[in-house]
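A short worksheet on the structure shown next.
Quick note on labels: first sequence line is chain A, next is B, and so on, each numbered from 1.
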Protein chains: 2
Amino acid sequence: MTRGRPIAFSPDEAANAAMRVFWARGYESASTRDLLEAMQLSRSSLYQAFGNKEQLFLEALRRYRESLVGRLGRRLVAAPSAMAFLAGLFRETAQEAGSERAALGCLIFNSASELGQHDGLPSQHARQSIAAITALFRQAVARAQAEGDIAPDRDADALASYLTMGMAGLRTLLKSGVDAGQAGQVVELLLDGLRR
Amino acid sequence: MTRGRPIAFSPDEAANAAMRVFWARGYESASTRDLLEAMQLSRSSLYQAFGNKEQLFLEALRRYRESLVGRLGRRLVAAPSAMAFLAGLFRETAQEAGSERAALGCLIFNSASELGQHDGLPSQHARQSIAAITALFRQAVARAQAEGDIAPDRDADALASYLTMGMAGLRTLLKSGVDAGQAGQVVELLLDGLRR
DNA sequence: CCATTTATGGAACGATCGATCCATAAATGG
DNA sequence: CCATTTATGGATCGATCGTTCCATAAATGG
């Protein structure tokens, strides 16, 4: 059935390598040289397999979103309570302070900041990803209300946006070099805002 | 005293024009072509007057910070109460939703996100600017405590960082295209977290 | 074993990047 | 008016950008 020379690389691993490059350097600043080196393939193969830089970036955004939302969704389902999930997520993020991971930030928020309200597909994708994060937070808030940890009369949509704002702001603080102590205190204040 | 041909442009206006370009496009994406066009001067004049792109960017960051911190400082002093200052600032920012101004974001947070924890002077400058914003918020919180709007036993430093996180997160939400209604609700939740 | 198909390596493309250089313009002090 | 000093416009630099193209390698089906 298949004819011709078979590819000598894993498209999956190559795409993940590209994602890491975009994550660390941003869309514009990530050069094709950087990408080729990290993906360990030749120019021809990159363009043959992924089209061009923008399409490769879209693939990276897609993978990042799918991985993030999937992981958080599973974690929410497995958590003993939605509030425990939210508190754990934000506290762990605060604990990243000072690490290389903290310096990376989040590819979605990074891209939203870099691309803003552009017309292109990457910008649209980033905005949709933020909406997906907010939707996940909304699920968590609704469950926390059902579990009695958040008052049922509070606006779940507003609280979800509040959490998205909190995560975006927290990631900015971590990028600006805030220490784990400060980040932890901020997160506790953020969580207090949830409980009442 | 002064010899030679006088400059035919206003360095002050030129620097402000450069600041607006960096604000709208980011550091790396702002090309010297963009800058020259906005500043309305020739390459020679730019390099003669401002050194190079990085030094011009530093000047832009310096001006933005001075303008922002100065304006907010005056506004805080003039406000009937520190809490009124904070509520007004965040509510007005939320009202920018959907506007071109909202798409621009804040040059300081934009730069912190783009440059992260780099070694260079621009990154350092952005981090110091975030610290300056937090310091201003701390003043406001301390005054609000003295004025009875925030309980005196609360940690002013933590609340100041909480506000910086809130502003950074709010700017990200605005960039991602959230509407004024959602932004307004988020800000009210943020302000509730201040009062208790 | 040959014709066909696909992947690969690398040269090369035009465009643009930030930066430098030089001839010329336009002011000054003497 | 002339010598000097500084600013300006524009050509030009080497490097790098994203992308395309072509010759070659490596697999397949017949």
Side-chain angles (χ1 to χ4, degrees), chain A residues 1-15 17-61 111 114-115 118-123 125, chain B residues 1-15 17-61 111 114-115 118-123 125:
Chain A
M1 190 67 82
T2 60
R3 292 276 289 261
R5 177 176 172 180
I7 59 176
F9 63 94
S10 159
D12 190 74
E13 290 179 17
M19 183 195 73
R20 288 189 291 269
V21 172
F22 285 124
W23 191 359
R25 323 233 313 123
Y27 175 49
E28 294 253 20
S29 292
S31 71
T32 52
R33 287 185 116 100
D34 298 328
L35 292 164
L36 293 177
E37 185 180 344
M39 299 168 78
Q40 290 277 47
L41 42 83
S42 72
R43 296 194 101 76
S44 307
S45 302
L46 188 154
Y47 282 90
Q48 165 107 349
F50 298 101
N52 58 28
K53 187 184 174 184
E54 178 176 308
Q55 290 171 36
L56 178 59
F57 183 50
L58 283 171
E59 175 63 21
L61 286 175
S111 301
E114 177 182 356
L115 305 173
H118 285 194
D119 300 325
L121 292 176
S123 171
H125 200 288
Chain B
M1 190 68 82
T2 61
R3 291 276 289 260
R5 178 176 171 179
I7 59 175
F9 63 93
S10 159
D12 190 72
E13 291 178 16
M19 183 195 72
R20 288 189 291 270
V21 172
F22 285 123
W23 192 359
R25 321 233 316 124
Y27 175 49
E28 294 252 19
S29 291
S31 70
T32 51
R33 287 184 113 100
D34 298 328
L35 292 164
L36 292 177
E37 186 180 343
M39 300 168 78
Q40 290 276 46
L41 43 83
S42 73
R43 293 195 104 76
S44 305
S45 302
L46 188 153
Y47 282 92
Q48 166 106 350
F50 299 100
N52 58 26
K53 188 185 173 184
E54 177 175 308
Q55 290 172 34
L56 178 59
F57 183 51
L58 283 171
E59 175 63 22
L61 285 175
S111 302
E114 179 183 354
L115 305 174
H118 285 193
D119 301 325
L121 292 177
S123 173
H125 199 288

Can you tell me the pairing partner of dC17(C) across any strand shown, Watson-Crick or G-U wobble, with both distances under 3.5 angstrom? dG14(D)
Of the listed nucleotides (dA27(D), dT8(C), dT19(D)), which one gets closest to any side-chain atom of Tyr47(A)? dT19(D)
Under 3.5 Å on both distances, the Watson-Crick or G-U partner of dA26(D): dT5(C)
When rounded to whole Å, the CD1 to P distance for the pair Ile7(B) and dT28(C) reads 14 Å
All N/O pairs under 3.5 Å across the protein-nucleotides 3-5 of chain D interface:
residue, atom, partner, partner atom, Å
dT4(D), O4', Arg3(B), NH2, 3.4

What is the minimum heavy-atom distance between Phe50(A) and Pro11(A), and which atoms define it? CZ-O, 3.8 Å
Between the side-chain atoms of Ser42(A) and the base atoms of dG10(C), is any donor-acceptor pair under 3.5 Å? no
Which listed nucleotide (dA11(C), dT8(D), dA11(D)) is nearest to the side chain of Arg43(B)? dA11(D)
So if I take every side-chain heavy atom of Ala8(A) and compare against dT8(C), dC21(C), dG18(D), which nucleotide ends up nearest? dT8(C)
Between dG9(C) (P) and Met39(A) (CE): distance, integer Å: 13 Å
The nucleotide from dT19(D), dA27(C), dG9(C) with an atom nearest the side chain of Ser44(A) is dG9(C)
Where along residues 22-38 of chain B does a heavy atom fall under 4.0 Å from DNA chain C? Ala30(B), Ser31(B), Thr32(B), Arg33(B)
